Amino acid sequence: MKAVVSLNSGSSSIKFSLFALDPQGQLMLSATGKIDKIGIAPSVRARTVDGTTLLEREWPDGTSLSHADLLTELFAWAADHPLKDREIIAIGHRVVHGGAEFAAPRLVDAALIGKLEDLCPLAPLHQPHNLAAIRAIAQLRPELPQVACFDTAFHHDKPVIASRFALPRALHDQGIRRYGFHGLSYEYIARRLAEIDPPLAAGRVIAAHLGNGASLCAMMAGRSIDTTMGFTALDGLMMGTRSGSLDPGVVLHLLTQMGMSAAEVEDLLYRKSGLLGVSGLSSDMRTLSACEAPEAEEAMALFAWRAGREAGGLLSSLGGLDGIVFTAGIGENDAGIRSRICRRLEWLGLRIDECANITNATLISLPGSAVKAYIIPTDEERMIALHTLSIVREKAT
Ligand code: ADP
């Protein structure tokens with residue numbers, strides 16, 4: 001049976017999913033897995049869709065296997081595992097930044113890798129790792145088509161005004177513009193919402209992707225018209241370890257008055273801020289919710305306040321609001337945070353059904369609420385597999 005693999009490669013983990021092609025040519029999830037704690041104490045786990053463990057392996061603390069080394073291990077194992085009858089026909093990758101040029105997924109070649117490398121400074125937490133996985137597979141299986149699926153692409157056609165900074169025009173032309181991210185997640189949400197509630201999908205919707213990275217997307221009839229992330233995935237909402245929007249004067253002050261280097265400021269804004277920085281405890285929402293420290297409460301309150309404030313900005317772009325969709329780790333699971341954010345939008349006539357909310361139901365607004373609220377689990381991996389398959393089929397015709 002033919003199959004497509006989706007890879008989502010981060011700084012310390014690689015998530016993978018195997019989708020088999022059924023006789024009708026539809027993608028069926030067969031297995032998922034994760035290589036975790038790369039560079040610390042690596043482990044790899046894979047399970048079939050019904051939960052059967054396929055692979056479980058751990059390496060001792062301090063094992064310095066790279067992304068490429070661990071992918072090599074995975075491929076060696078895959079050659080002789082219980083799903084080996086699946087013939088992998090292509091691998092799709094999440095690539096965070098596609099810059100101004102890439103509005104759609106692309107087949108990977110050396111020229112594309114070169115262009116994507118130039119974008120690494122714009123997504124230092126993600127892009128180098130995305131490319132490391134692509135390069136590793138090109139070495140391991142050079143005959144296998146690889147497809148790059150960009151997180152920026154869904155936002156590519158938003159109005160120019162939503163792409164501009166109030167900076168001199170020449171800088172916009174040099175690529176300093178608001179791109180937007182989490183596009184694979186938003187694209188999937190737009191598709192699912194069209195199945196679940198077609199009239200709402202045709203209207204004005206804010207999708208809230210709230211995970212370790214977090215952003216909001218203003219969707220009009222299923223297309224992105226504005227979003228909270230901009231030039232980099234540092235902009236907009238407060239996140240697990242990222243600051244989100246900041247007075248640019250703070251950055252100047254850190255550099256010129258506090259003697260921090262550019263690398264230190266980058267580390268501060270990407271890795272030491274957000275929930276972690278404000279709480280001083282953890283970047284993980286579950287840990288903070290379970291904690292009684294006032295700093296944890298303040299971090300969660302700020303997270304919701306910032307989300308409400310940024311949603312207010314998107315309301316102006318949308319000219320009102322018909323619905324909000326919560327997704328990703330926090331959006332799908334944290335009833336308390338959803339409730340806090342919805343309360344900030346109560347003035348719009350959004351009435352949350354707390355019973356539905358607490359049980360993570362799909363529709364969590366009350367009947368008659370002027371704004372509907374949904375929880376829709378995201379599936380970036382499926383979106384990557386769908387794009388990969390369609391590019392491979394295009395190539396074959
Ligand atoms: P990533 O951006 O790394 O893919 P996720 O979408 O997995 O992140 O989201 C991670 C966040 O979701 C963490 O803050 C985590 O605490 C939170 N989260 C995951 N599951 C739950 C849960 N059951 N309840 C509350 N928060 C959760």
Side-chain angles (χ1 to χ4, degrees), residues 10-13 15 34 36-43 45 58 61 125-126 182 185 206-216 228-229 233-247 250 254 264-312 324-346 350 352-361 364 373 375-378:
S11 55
S12 62
S13 72
K15 293 182 203 160
K34 192 174 185 187
D36 217 354
K37 295 195 181 166
I38 303 173
I40 308 162
S43 63
R45 288 192 171 74
E58 287 180 6
D61 262 7
L125 284 196
H126 301 100
H182 291 139
S185 174
I206 290 179
H209 179 109
L210 309 177
N212 282 317
S215 71
L216 304 178
T228 56
M229 280 180 171
L234 197 52
D235 201 5
L237 302 185
M238 173 178 178
M239 306 178 218
T241 60
R242 287 172 251 168
S243 63
S245 301
L246 197 68
D247 175 351
V250 172
L254 296 172
E264 285 168 339
V265 173
E266 178 180 292
D267 192 43
L268 176 79
L269 300 182
Y270 274 101
R271 298 181 189 87
K272 295 186 176 150
S273 298
L275 293 170
L276 175 65
V278 174
S279 69
L281 297 163
S282 173
S283 63
D284 192 291
M285 197 60 98
R286 266 172 302 193
T287 309
L288 296 180
S289 332
C291 173
E292 300 205 332
E295 292 83 359
E297 166 52 29
E298 193 179 26
M300 291 188 293
L302 183 59
F303 184 90
W305 184 82
R306 290 283 300 269
R309 192 166 182 264
E310 294 275 353
I324 180 163
V325 178
F326 291 97
T327 195
I330 298 167
E332 290 166 27
N333 298 298
D334 195 322
I337 291 291
R338 283 193 304 262
S339 178
R340 287 180 198 230
I341 295 173
C342 288
R343 281 204 300 273
R344 298 211 156 268
L345 301 174
E346 225 167 37
L350 169 55
I352 190 109
D353 176 346
E354 284 300 351
C355 293
N357 184 38
I358 210 92
T359 55
N360 297 334
I364 58 165
I375 302 172
I376 302 182
T378 194

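The structure presented is a predicted model; accordingly, all values stated were derived computationally and were not measured.
A 4.5 Å side-chain heavy-atom check between Ile364 and Phe326 finds at least one atom pair inside the cut-off. Looking only at side-chain heavy atoms (C-beta outward), Leu275 and Asp284 stay at 4.5 Å or farther from each other. Under the 4.5 Å side-chain criterion, counting only non-hydrogen atoms from C-beta, Pro42 is not in contact with Glu58.
At least one donor-acceptor pair under 3.5 Å links the side chain of Thr359 to the backbone N or O of Cys355.
Arg340 approaches Met300 most closely through the heavy-atom pair NH1-C, 4.0 Å. Closest non-hydrogen pair, Leu216 versus Ala208, comes out as CD2-CB, 3.4 Å. Taking each heavy atom of Thr241 and Tyr270 in turn, the nearest pair found is OG1-O, 2.7 Å. Smallest separation of non-hydrogen atoms from Arg338 and Asn333: NH1-N, 3.5 Å. Minimum interatomic distance between Leu281 and Ala293 (heavy atoms only, all atoms of both residues): CD1-CB, 3.9 Å. Annotation for Ile341 and Ala307: closest pair CD1-CB, 3.7 Å, computed over non-hydrogen atoms.
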Could you walk me through whether Lys34 and Lys15 satisfy the side chain to side chain contact (heavy atoms under 4.5 Å, CB included) test, starting with their C-alpha distance in whole Å, then the side-chain angles of each, then the deciding distance to 0.1 Å, before giving a yes or no? CA-CA 4 Å; Lys34 192 174 185 187; Lys15 293 182 203 160; 4.2 Å; yes

Using side chain to side chain contact (heavy atoms under 4.5 Å, CB included), reason through Met285 and Phe303 one step at a time and then give a plain yes or no. CA-CA 10 Å; Met285 197 60 98; Phe303 184 90; 3.7 Å; yes

Side chain to side chain contact (heavy atoms under 4.5 Å, CB included) between Met238 and Ser243, intermediate numbers included: CA-CA 5 Å; Met238 173 178 178; Ser243 63; over 6 Å; no

Stepwise salt bridge (charged side-chain N to carboxylate O under 4.0 Å, His left out) check, Arg344 with Glu310: CA-CA 11 Å; Arg344 298 211 156 268; Glu310 294 275 353; over 6 Å; no

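The side chain to side chain contact (heavy atoms under 4.5 Å, CB included) with Leu234 is formed by just one residue from the set Glu266, Arg242, Met239; it is Arg242.
The existence of a salt bridge linking Glu264 and Lys272 is excluded, since no basic side-chain nitrogen approaches an acidic carboxylate oxygen closer than 4.0 Å.
Between Asp36 atom CG and Ser12 atom OG the span is 6.5 Å, to the nearest 0.5 Å. To the nearest 0.5 Å, atoms CG (Asp334) and CG (Leu210) are separated by 9.0 Å. Atoms CG and OG, from Leu276 and Ser282 in turn, are 7.0 Å apart once rounded to the nearest 0.5 Å. If you take CD1 on Ile337 and CG on Asn357, they are separated by 11.0 Å, rounding to the nearest 0.5 Å.
In this model, no donor atom of one side chain and acceptor atom of the other lie less than 3.5 Å apart for His209 and Ser215. No hydrogens or angles considered: a donor-acceptor pair under 3.5 Å links the side chains of Ser245 and Asp235. A side-chain donor from one of Glu332 and Thr327 sits under 3.5 Å from a side-chain acceptor of the other. For Glu298 and Ser279, the side-chain atoms include no donor-acceptor pair closer than 3.5 Å.
Residues meeting the side-chain hydrogen bond (donor to acceptor under 3.5 Å, both in side chains) test with Arg286, sequence neighbours left out: none. With sequence neighbours left out, Thr378 forms a side-chain hydrogen bond (donor to acceptor under 3.5 Å, both in side chains) with Ser185.
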